[in-house]
J.: 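After the structure tokens below, expect a handful of questions from me.
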Amino acid sequence: MTVRVRIAPSPTGDPHVGTAYIGLINYAFAKKNGGKFVLRIEDTDQTRCTPESAKAIYDSLKWLGLCYDEGPMHDGMGGGDRGPYIQSERVKAGIYQKFADKLLEQGDAYYCFCTARDLDAMRKRQQANNEPIMYNRRCRGGSLAEARERAAKGEAFVIRMKTPLEGEFVYKDRLRKQPTVKGWKEIDDQVLLKSDGWPTYHLAAVVDDHLMGITHVIRAEEWLNSLPKHIWLNEHLGFTAPEYVHVGLLRNADKSKISKRKNPTSLLWYQKQGYLPEALLNFLALLGHSHPDGQEKFTLAEMCSFFDLDRINVAGPVFDMAKLRHLQGQYFRDLSPERMKAEVYRAIDSKFDALLPLVKERMVFGGDFVWQSEPFYADSVTLHAEDLLPKGLDKTQAKHLLEETQQAFKRYVAGDGAVWDAPSLEAFVRKFIEDRTAPGALPDATPEVQSEAALWSPKSLFMLLRVAATGKRESPPLFDTLAQIGQAKVIERLGLAQQKLR
RNA sequence: GCUCCCAUCGUCUAGAGGCCUAGGACACCAGAUUUUCAUUCUGGCGACACGAGUUCGAAUCUCGUUGGGAGUACCA
């Protein structure tokens with residue numbers, strides 16, 4: 001039997017680093033076993049999926065070098081005779097409806113007419129009573145003929161699976177020590193077909209994995225809980241189930257499932273930042289799996305040759321940006337002069353158009369751009385304490401001003417509808433100064449602070465901010481500069497300036 | 001709440017009963033090289049969550065506790 005594996009991302013938002021991770025594992029497993037790596041687009045949520053997002057997935061996989069053997073045709077990848085590989089197209093071909101009907105006929109599924117309101121109320125009740133939260137199966141007993149009549153009259157419905165009411169589900173995942181055992185009564189009568197007639201993930205994935213001849217479903221742990229449903233569906237649809245294997249979830253530094261709030265998750269971001277695909281892939285390859293000899297730097301092809309599914313560690317690894325950065329450096333320095341040049345130009349180009357109008361006022365020669373725009377590209381700036389002391393300020397005072405301004409920026413950024421552009425920033429900072437210096441603005445303040453208020457002049461604060469943000473006493477207009485540097489870096493550099501004044 | 005999963009240095013991991021006074025990598029600290037910085041090299045810090053068993057012997061097996069995570073949608 002030839003190995004056939006798949007990744008089945010949902011095209012919502014930016015392509016996700018988790019897709020790359022699971023993709024890498026599947027890809028390596030396929031190649032190691034001389035099998036096929038399939039891409040299927042799971043766009044059955046009509047409200048969230050977009051074609052642009054699907055395209056970004058193809059491009060990202062291509063960028064990483066995880067070229068799929070079968071899938072939507074794109075840029076030399078894809079094709080195959082088990083298509084279409086986009087579920088929305090399969091919906092239109094009536095594929096899922098057919099299998100839902102089969103279950104209905106067999107008495108393994110039923111029409112459910114409960115409304116969202118009903119379900120909501122039910123859930124609230126269960127929550128209040130500390131009961132497990134699941135559908136109460138109210139519609140389960142109804143006759144099929146009667147239900148079909150109601151449906152024909154235009155009443156909204158979904159189709160649910162008729163989960164066994166008793167007994168146990170047992171499945172041994174090859175990566176887990178113990179078999180998964182679950183009482184069927186804990187398992188919900190999952191919706192299979194939504195009221196718009198489109199399938200949910202559960203039905204669509206099981207049907208397509210079968211139709212596409214998938215032999216191994218290697219996916220993230222978050223699916224482990226719905227495994228019984230998927231096995232059940234395979235059985236009742238008369239399919240030979242693929243082997244299901246669940247690997248650990250990528251984590252934030254706090255061990256929670258990786259999320260864009262706490263970690264960059266968009267592959268587009270890594271690409272834009274200048275991360276090399278080889279480096280990112282190599283880094284991902286180190287998570288949950290390792291080279292048998294402890295080697296840490298290797299190519300995709302090498303990984304494919306030593307990859308061993310059974311050596312995967314299912315504890316969810318933390319995505320450690322520091323280590324990624326290290327590998328990126330290793331790969332970058334190994335680049336050929338041509339490729340390195342291309343990377344450098346690309347990095348400059350990424351901000352060039354936005355920066356040139358600001359910087360050009362002080363330029364005499366083309367080369368001046370390089371040093372004058374340095375603070376905008378640099379990861380960090382070098383500060384000199386003496387530059388941070390505008391006329392008339394001492395260390396403590398300057399530090400206070402920086403501290404308070406930094407706090408103000410933080411509040412500003414956290415606020416609703418905060419716009420980080422030059423006019424907004426200027427308005428904000430001027431208002432901030434005004435509030436600080438208005439007579440009686442701080443009635444409860446100590447005399448010390450009161451006297452400090454006199455120092456809040458635009459002139460000294462602006463210079464302070466300029467130096468803190470850029471490390472230089474000369475720069476393009478302050479607010480344009482702050483806007484271009486970006487909120488995160490500005491706030492960070494304001495903090496570093498305070499440390500410098502200690 | 002309920003169900004399920006997981007558990008070696010701060011992080012990624014090696015380790016499938018004696019080779020473990022637990023190895024490597026990142027980070028961190030110190031030193032060498034470098035005019036500086038970075039690179040590179042050397043050294044240091046640093047973990048088997050806890051408690052019972054099984055065994056002559058346990059990081060490795062079993063059970064419990066604790067901790068962390070996931071799921072609980074007409075999202076995937």
Side-chain angles (χ1 to χ4, degrees), chain A residues 8-13 16 18-19 41-49 87 112-116 119-120 123 126-135 156-160 169 171 173 175-188 190-205 219-229 246-258 283-297 310-330 332-333 379-380 382:
Chain A
S10 185
T12 57
H16 201 270
T19 302
I41 296 295
E42 306 227 326
D43 57 346
T44 55
D45 183 340
Q46 296 186 75
T47 59
R48 296 170 63 220
C49 297
Q87 285 183 335
C112 168
F113 298 93
C114 295
T115 63
L119 298 177
D120 214 44
R123 219 168 284 137
Q126 289 167 338
Q127 222 147 29
N129 298 336
N130 274 346
E131 289 166 18
I133 294 162
M134 59 197 287
Y135 178 56
F157 67 91
V158 301
I159 291 179
R160 288 181 181 272
F169 166 84
Y171 185 87
D173 184 315
L175 296 179
R176 316 267 155 176
K177 280 189 217 124
Q178 300 293 331
T180 297
V181 179
K182 224 167 153 149
W184 276 111
K185 64 174 188 303
E186 314 286 352
I187 297 162
D188 212 351
Q190 184 59 238
V191 171
L192 262 19
L193 226 48
K194 304 183 261 191
S195 55
D196 60 4
W198 288 44
T200 58
Y201 170 85
H202 306 280
L203 211 217
R219 49 162 37 167
E221 203 176 20
E222 53 190 336
W223 294 111
L224 199 50
N225 285 290
S226 34
L227 180 63
K229 295 168 192 168
H246 298 87
V247 304
L249 237 27
L250 257 25
R251 312 291 182 99
N252 298 312
D254 66 3
K255 301 282 178 92
S256 58
K257 168 168 142 180
I258 198 164
F283 170 69
L284 255 17
L286 260 18
L287 305 179
H289 191 260
S290 58
H291 186 108
D293 300 331
Q295 192 182 323
E296 299 238 347
K297 190 168 174 246
D310 292 304
R311 287 188 62 245
I312 288 193
N313 177 190
V314 294
V318 170
F319 191 97
D320 181 7
M321 291 295 283
K323 185 144 185 175
L324 205 210
R325 186 189 159 81
H326 166 79
L327 268 171
Q328 161 71 15
Q330 301 269 318
F332 187 83
R333 282 176 236 116
D379 208 36
S380 58
T382 310

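Lettering of chains follows the sequences in order, A, B, ..., and the numbering in each one begins at 1. Keep in mind that the numbers below use all heavy atoms, side chains included, and drop hydrogens, waters and symmetry copies.
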J.: Using atom CZ of A/R48 as one end and atom P of B/A76 as the other, report the distance to the nearest whole Å.
T.: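 Checked: the CZ to P distance equals 8 Å.
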J.: Measure the distance from CG on A/D254 to C1' on B/A70 and round it to the nearest whole Å.
T.: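 Distance check: A/D254 CG to B/A70 C1' gives 14 Å.
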J.: Quick one: which of B/C4, B/A73, B/A7 gets closest to the side chain of A/Q190?
T.: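 Taking heavy atoms from C-beta onward, the closest nucleotide is B/A73.
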J.: For A/Q330, report the nucleic acid contact type (base, sugar-phosphate, nothing); a contact means any heavy atom under 4.0 Å.
T.: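 The residue A/Q330 makes sugar-phosphate contact but no base contact.
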J.: Within the structure shown, what part of the strands sits under 4.0 Å from A/Q178 by heavy-atom distance: base, sugar-phosphate, or nothing?
T.: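 Sugar-phosphate: the residue A/Q178, judged by heavy atoms under 4.0 Å, touches backbone atoms but no base.
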J.: So what does A/E296 touch, heavy atoms closer than 4.0 Å: a base, only the sugar-phosphate, or nothing?
T.: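 Result for A/E296 = base.
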J.: Roughly, in whole Å, what's the span from CE in A/M134 to C1' in B/U3?
T.: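 Going from A/M134 (CE) to B/U3 (C1'), I get 10 Å.
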J.: Rounded to the nearest 0.5 Å, what separation is found between the NZ atom of A/K297 and the CG atom of A/L327?
T.: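 If I round to the nearest 0.5 Å, the distance is 8.5 Å.
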J.: Looking across every strand, which nucleic acid part, if any, lies under 4.0 Å from A/G288 by heavy atom: base, sugar-phosphate, or nothing?
T.: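 Here A/G288 touches the backbone only, sparing every base.
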J.: Report the distance from atom CG of A/D320 to atom CG of A/L286, rounding to the nearest 0.5 Å.
T.: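 Nearest 0.5 Å value for the CG-CG distance: 10.5 Å.
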J.: Report the residue from A/I159, A/V158, A/L203 that forms a side-chain contact (heavy atoms from CB on, under 4.5 Å) with A/V191.
T.: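 Testing each of A/I159, A/V158, A/L203 against A/V191, the sole residue satisfying side-chain contact (heavy atoms from CB on, under 4.5 Å) is A/V158.
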J.: A/L250 CG to B/G68 P: how many Å, rounded?
T.: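 Rounded to the whole Å, the gap is 21 Å.
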J.: Once you round it to whole Å, what is the distance between P of B/C26 and CG of A/L324?
T.: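 Interatomic distance, CG of A/L324 to P of B/C26: 14 Å.
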J.: Can you tell me the pairing partner of B/C4 across any strand shown, Watson-Crick or G-U wobble, with both distances under 3.5 angstrom?
T.: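 In the structure as shown, B/C4 has B/G69 as its Watson-Crick or wobble partner.
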J.: If you look at every strand shown and take non-hydrogen atoms under 4.0 Å, does A/R325 touch a base, only sugar-phosphate, or nothing?
T.: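 Counting heavy atoms under 4.0 Å across all strands, no contact is made by A/R325.
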J.: Between B/G68, B/A7, B/C75, which one does the side chain of A/K177 approach most closely?
T.: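 For A/K177, the side-chain atoms sit closest to B/A7.
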J.: Any base atoms under 4.0 Å from A/W223, or only sugar-phosphate, or nothing? Heavy atoms, all strands.
T.: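 Base, at least one base heavy atom under 4.0 Å.
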J.: What is the distance, to the nearest angstrom, from the NE2 atom on A/H246 to the P atom on B/G71?
T.: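 Between P of B/G71 and NE2 of A/H246: 13 Å.
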J.: Between B/C5 atom C1' and A/N225 atom CG, what is the distance in whole Å?
T.: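 Distance check: A/N225 CG to B/C5 C1' gives 8 Å.
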J.: Given A/S290, which partner from the list A/Q295, A/R311, A/E296 fulfils the side chain to side chain donor-acceptor pair (under 3.5 Å) test?
T.: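 For A/S290, the side chain to side chain donor-acceptor pair (under 3.5 Å) test succeeds with only one of A/Q295, A/R311, A/E296, which is A/R311.
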J.: Just checking A/V191: base, sugar-phosphate only, or nothing, at a heavy-atom cut-off of under 4.0 Å?
T.: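 A/V191: backbone/sugar contact only, no base atoms under 4.0 Å.
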J.: Scan A/R219 against the nucleic acid and name what it touches under 4.0 Å (heavy atoms): base, sugar-phosphate only, or nothing.
T.: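 The answer is nothing, as A/R219 stays clear of every strand by at least 4.0 Å.
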J.: Determine the Euclidean distance between corresponding P atoms of B/C63 and B/C4; express it in Å to zero decimal places.
T.: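 Rounded to whole Å, the distance is 14 Å.
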J.: Which one is paired to B/C37, where only Watson-Crick or G-U wobble pairs with both distances under 3.5 angstrom count?
T.: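 Partner of B/C37: none found under 3.5 Å.
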J.: So A/S290, base contact, sugar-phosphate only, or nothing? Heavy-atom distance under 4.0 Å.
T.: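 Sugar-phosphate: the residue A/S290, judged by heavy atoms under 4.0 Å, touches backbone atoms but no base.
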J.: Categorize A/L286 for me: base, sugar-phosphate, or nothing, with a 4.0 angstrom heavy-atom threshold over every strand shown.
T.: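 Sugar-phosphate, backbone atoms only, no base.
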J.: Do A/R251's NZ or CZ and the ring of A/F319 fall within the cation-pi criteria of under 6.0 Å and 45°?
T.: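 Ring-cation test returns no.
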J.: Give one of base, sugar-phosphate or nothing for A/T44, where a contact means two heavy atoms less than 4.0 Å apart.
T.: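 Sugar-phosphate only.
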J.: Provide the Watson-Crick or G-U wobble partner of B/C26, both distances under 3.5 Å; none if there is no partner.
T.: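 Pairing partner, where one exists within any strand: B/G10.
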J.: Taking any heavy-atom pair under 4.0 Å as a contact, classify A/K297: base, sugar-phosphate, or nothing.
T.: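 No contact.
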J.: If the P atom of B/G68 is compared with that of B/A30, how far apart are they to the nearest Å?
T.: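 Rounded to whole Å, the distance is 34 Å.
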J.: Salt bridge between A/R123 and A/E131, side-chain N to carboxylate O under 4.0 Å?
T.: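 Salt bridge: no.
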J.: Hey, is the side chain of A/S256 poking within less than 4.0 Å of OP1 or OP2 on B/A70, counting only N and O atoms?
T.: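 No, because none of the side-chain N or O atoms of A/S256 sits under 4.0 Å from OP1 or OP2 of B/A70.
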J.: Please state whether the base of B/A25 and the side chain of A/K323 form at least one donor-acceptor pair under 3.5 Å?
T.: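 Checked by distance alone, the answer is yes.
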J.: Measuring only the P atom in each nucleotide, how far is B/U65 from B/C9? A whole number of Å is fine.
T.: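 The same atom, P, in both gives a distance of 22 Å.
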J.: Go ahead and name the base partner of B/C50; Watson-Crick or wobble counts if both distances stay under 3.5 Å, otherwise write none.
T.: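 Check on B/C50: paired to B/G64, both distances under 3.5 Å.
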J.: Considering only B/C12, B/C4, B/A27, which nucleotide approaches the side chain of A/K182 most closely?
T.: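 The answer is B/C4, which lies nearest to the side chain.
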J.: Do the side-chain N or O atoms of A/R176 get closer than 4.0 angstrom to the phosphate oxygens (OP1, OP2) of B/C4?
T.: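 Checking A/R176 against B/C4: no side-chain N or O falls below 4.0 Å of OP1 or OP2.
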J.: Using the side-chain heavy atoms of A/K194, tell me which of these nucleotides is nearest: B/U72, B/C74, B/A7.
T.: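 The answer is B/C74.
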J.: Over how many whole Å does the gap from A/N313 atom CG to B/G69 atom P extend?
T.: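 About 17 Å, once rounded to whole Å.
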J.: Looking only at side-chain N and O atoms, does A/K255 come under 4.0 Å of OP1 or OP2 in B/U11?
T.: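 For A/K255, the contact criterion (side-chain N or O under 4.0 Å from OP1 or OP2 of B/U11) is met.
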J.: If you round to the nearest 0.5 Å, how far is CD of A/E42 from OG of A/S10?
T.: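 With rounding to 0.5 Å, OG (A/S10) is 7.5 Å from CD (A/E42).
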